[in-house]
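Some notes on the structure that comes next.
As the structure is a computational prediction, the values presented were derived from the model and not from experiment. Reminder, nothing fancy here: chain letters follow the sequence lines and each chain counts from 1.
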There are 2 protein chains.
Amino acid sequence: MRKNPIVQRETLGAAVLQIRSGRATSRTTLAKALGISPSTTGLYVDHLIAEKYLNESGLNQGPMGRPRRLLSTQANAGWFAGVEFNAQRIQAVGVDFSGGLKVSEEVILPADVMADEVVKSILECVAKLAKEMQGPLLSVGIGVPGLVDAQAGVGLYYAFIPDWQLVPLVEKIGSKLKVPVILQNNLRAIALAERWFGMGHSLNDYVILGPRSGFGVAIVQDGRVTEGAHHAAGEVGRWLWPLMDPAGGGQELHHALSAPATWRRLAGVGEKTNLPEDLRAGLAAVAESAGPQWDAVCGDYARVIGLLHLIIDTGVFILHGPLTMLGERFCHSITEAACALMPALRDAGLKVVPSTLGDNAGALGAASLAMEAWSPA
Amino acid sequence: MRKNPIVQRETLGAAVLQIRSGRATSRTTLAKALGISPSTTGLYVDHLIAEKYLNESGLNQGPMGRPRRLLSTQANAGWFAGVEFNAQRIQAVGVDFSGGLKVSEEVILPADVMADEVVKSILECVAKLAKEMQGPLLSVGIGVPGLVDAQAGVGLYYAFIPDWQLVPLVEKIGSKLKVPVILQNNLRAIALAERWFGMGHSLNDYVILGPRSGFGVAIVQDGRVTEGAHHAAGEVGRWLWPLMDPAGGGQELHHALSAPATWRRLAGVGEKTNLPEDLRAGLAAVAESAGPQWDAVCGDYARVIGLLHLIIDTGVFILHGPLTMLGERFCHSITEAACALMPALRDAGLKVVPSTLGDNAGALGAASLAMEAWSPA
DNA sequence: GGCTTTTTATTCGAATGCGAAAAAACCCTA
DNA sequence: TAGGGTTTTTTCGCATTCGAATAAAAAGCC
């Protein structure tokens, strides 16, 4: 038996992430992925197996040579909670140690909810999840609407909860649950969800399009989620739109491209018409429409995406939220319109696709936050 | 005497950078800046002093305690070459080991110059610099126009040199000079110049505005220069402009905001009017103008900057190139116009400032590339 | 079956980097 | 001028990490 060194916890966490994601499958591949020597990697893996975080799961015979001893995460070593919320509802998921989604919860919030009630509901939600999960809760990720200081663990501002200002969420939740709590803006959390559960798996550069009650984007560059100097990267909803309004009385992009606004424009109804009971169903109903409204909406999206793409040069734009109901055709129309407007985009391989993740993408992203932050004690 | 370990070269390079930039001035501050222990730092510094890269330059008494033994770089330990070029000219600088600018060179290129001639001229230019510099040449940085694959060391494409396609510059220059050669897009090189020689010293997030024969930007986020998935980040000159052209026959932003176009618009002359002999002087002459042209130009700049700022949330925009001749007033007008158009910008602390670096900012940035890449043998 | 070849994992000595403690160099005060 | 306080630098022992060699486990080949 090898001696058991006091290994670095951070590196242990990184090793688990590599194994869980499938980027590394054996000791040697793990060594390469972590950039440490094979001998040290062996010690780390021994430690993680001894602590029941990993196990060996068979052999993988390559074309030649000694077969790899496959490593995998022990699903019941503990679990991660992912929570996302806005002014209307809380969504939460429980994810096992192998990254498998096990339980979902949803809580509808009352109108005019206050910050303290939200915190209370989040705690209740996590408690409900805990009943169905195995092992100890390891960490909690929270996708927070509005401006968030992820480092400080504070929700800075959110327009639709009246007293949501400088809310020390990490402290409030962490002091009750006694586990690490990690925050991130909810759209940026979705970006992480794509990485762990969606199509971002193999991508290093992509943009999340998030048209909901407003319009925002989350940007992933070279594998890193862009935060911004004031935690406000991706707040494109505050763009003047139309940009060249000759009258000067411009509006914000929010008003043109939010999910409700998009439905109204596609349905050809005015601002005074009530929204349908179920916006998603309403959107599905107009998914086949055509004509000038369709072109106008796609043209606006095309312009926004074209501007974005030529700045940050990512490649794939992943559409999230209710507008995914408009399907592939919507995304394709946008792509085509953008390339028609700005020919440079065609060479740059612009592509808009609807997300394959469902409504709980934000909660899954929050769970990703929790997984990324965890290291063994 | 302490024993002399075989230290890691990369860390030695990083240590020299910290000392040269003044971010670290003593062994202890260096240890903090590098994130390694004071004891190890002591060994590294000993090594660097023994190799004549650093020396001790007096004491710095704080309010209390043992004074710091100040460290500084040995100016004559060698030198770095920085080269920038476009289709018209080559600019080169020689920078000593302490980061001091010592020599500048400029070569005017003939019309319709070919790639091979450019390479030859660069080599001649560096040879000329070498005569005036002390010590050995340590590395060369090159600011390359157009698309650049910095990692591969290849110039991918530049429209104004006919055969500038897939030029293996690092190989061509490196094989002659026998020192490391580092490439970067010339605008992104300017971003580095701001960091080392300009106002980026204390900034982690800023944007370089580069209106010249076209219009592009370079983005620095959290201290890193944004490259883009296809080496094309910041190519905003290819935006459709005006963005909402109802006729559909849109142009590129290049045509509206390049340095010549800006002069024509401010001077109120058409596309057929010849440019002044000296564009900078011409621009200085229209710097005091006012009225609708002035507002229109500033409005366009304000829109571009507003869009950029709300995406990437940096803060400071640094204007480079001939348009700096328009002075503080121009930048101030843009800032004001942007805040008027998009009120969100006012809270976000948007600021546009002219660069204090002169015409050779690109070459200085290239030298910064060289400095950042160097490590002792 | 024994041989080589290839790839993965482990062993083991060497040494690099760290932490704690000591030393050094200054201030201030009495 | 001696002593306490403070900060920087160095010393020194220790242990983690590495590198090179070794062992292990398979395939292919005669």
Side-chain angles (χ1 to χ4, degrees), chain A residues 1-16 18-19 22-51 53-72 375-377, chain B residues 1-16 18-19 22-51 54-72 375-376:
Chain A
M1 193 58 189
R2 282 183 271 196
K3 66 177 172 178
N4 202 3
I6 304 151
V7 276
Q8 302 211 1
R9 294 195 300 127
E10 268 188 33
T11 312
L12 286 175
V16 170
Q18 296 290 334
I19 300 293
R23 266 195 291 275
T25 56
S26 69
R27 286 164 173 77
T28 320
T29 51
L30 182 59
K32 225 168 279 173
L34 294 175
I36 60 181
S37 74
S39 39
T40 310
T41 308
L43 297 173
Y44 275 69
V45 170
D46 282 356
H47 181 89
L48 286 167
I49 289 176
E51 302 275 319
Y53 291 121
L54 298 183
N55 55 3
E56 297 193 341
S57 52
L59 300 178
N60 176 278
Q61 181 59 55
M64 224 178 252
R66 175 172 173 173
R68 300 173 168 177
R69 297 165 67 181
L70 293 179
L71 300 170
S72 51
S375 313
Chain B
M1 193 58 191
R2 282 183 271 196
K3 66 179 171 178
N4 201 3
I6 303 150
V7 277
Q8 304 211 1
R9 293 195 299 126
E10 269 188 31
T11 312
L12 285 175
V16 170
Q18 296 290 334
I19 300 294
R23 267 195 290 276
T25 55
S26 68
R27 288 163 171 80
T28 319
T29 51
L30 181 59
K32 225 168 278 172
L34 295 175
I36 60 180
S37 73
S39 38
T40 309
T41 308
L43 297 174
Y44 276 69
V45 169
D46 282 356
H47 181 89
L48 286 168
I49 289 176
E51 301 276 319
L54 297 183
N55 56 3
E56 297 193 340
S57 52
L59 300 177
N60 175 278
Q61 181 58 54
M64 225 178 253
R66 176 172 173 173
R68 302 172 168 178
R69 297 167 68 181
L70 293 179
L71 300 171
S72 50
S375 314

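- Phosphate proximity of D:dT9 to B:T28: present, with a side-chain N or O under 4.0 Å from OP1 or OP2.
- One interatomic measurement links the two molecules: CZ of B:R69 to C1' of C:dA25, which rounds to 10 Å at whole-angstrom precision.
- In this structure, A:S37 and B:M64 both approach DNA chain D, and ranking their closest nucleotides by distance from the 5' end singles out B:M64.
- With rounding to the nearest 0.5 angstrom, the CD1 atom of A:I36 is 4.0 Å from the OG1 atom of A:T41.
- Of the candidates C:dT10, D:dT17, C:dC18, C:dC18 carries the atom nearest the B:I36 side chain, counting heavy atoms from C-beta on.
- The nearest whole Å value for the distance from the CG atom in A:L59 to the C1' atom in C:dT8 is 11 Å.
- Of the candidates C:dA9, C:dC27, C:dG17, the closest approach to any side-chain atom of B:Q61 belongs to C:dC27.
- In this structure, the CG atom of B:L34 is 12 Å from the P atom of C:dG17, given to the nearest Å.
- OP1 and OP2 of D:dG19 both lie 4.0 Å or more from every side-chain N or O belonging to A:S39.
- Positionally, the nearest nucleotide of DNA chain D for B:T29 lies more toward the 5' end than for the other of B:T29 and A:G62.
- Phosphate proximity of D:dT16 to A:Y44: absent, as no side-chain N or O sits under 4.0 Å from OP1 or OP2.
- To the nearest 0.5 Å, atom CG of residue B:L54 and atom CG of residue B:D46 are 10.5 Å apart.
- Comparing atom distances between the B:P67 side chain and each of D:dC18, C:dA25, C:dC18 picks out C:dA25 as nearest.
- Distance check: B:K32 NZ to B:R23 CZ gives 15.5 Å after rounding to the nearest 0.5 Å.
- Taking atom NE2 on B:H47 and atom C1' on C:dG17, their separation rounds to 16 Å, with Å as the unit.
- Side-chain N/O atoms of B:R68 include none lying less than 4.0 angstrom from OP1 or OP2 on C:dA25.
- Going from atom OH of A:Y44 over to atom CD of A:Q8 covers 5.0 Å, rounded to the nearest 0.5 Å.
- Evaluation of atom-type donor-acceptor distances gives a pair under 3.5 Å for the side chain of A:R66 against the base of C:dT8.
- Between atom CG of residue A:L43 and atom CG of residue A:L48 there is a gap of 11.0 Å, rounded to the nearest 0.5 Å.
- C:dT8 atom P lies 13 Å from atom CG of A:L71, rounded to whole Å.
- Here the C1' atom of nucleotide C:dT8 and the CG atom of A:L43 are 16 Å apart, to the nearest Å.
- Contact check, B:R27 against D:dT10: a side-chain N or O comes under 4.0 Å of OP1 or OP2.
- B:T41 comes within 4.0 angstrom of no nucleic acid atom, judged by non-hydrogen atoms across all strands.
- Between the CG atom of A:N60 and the C1' atom of C:dT7 there is a distance of 12 Å, given to the nearest Å.
- With rounding to whole Å, A:Q8 atom CD is found 15 Å from D:dA15 atom P.
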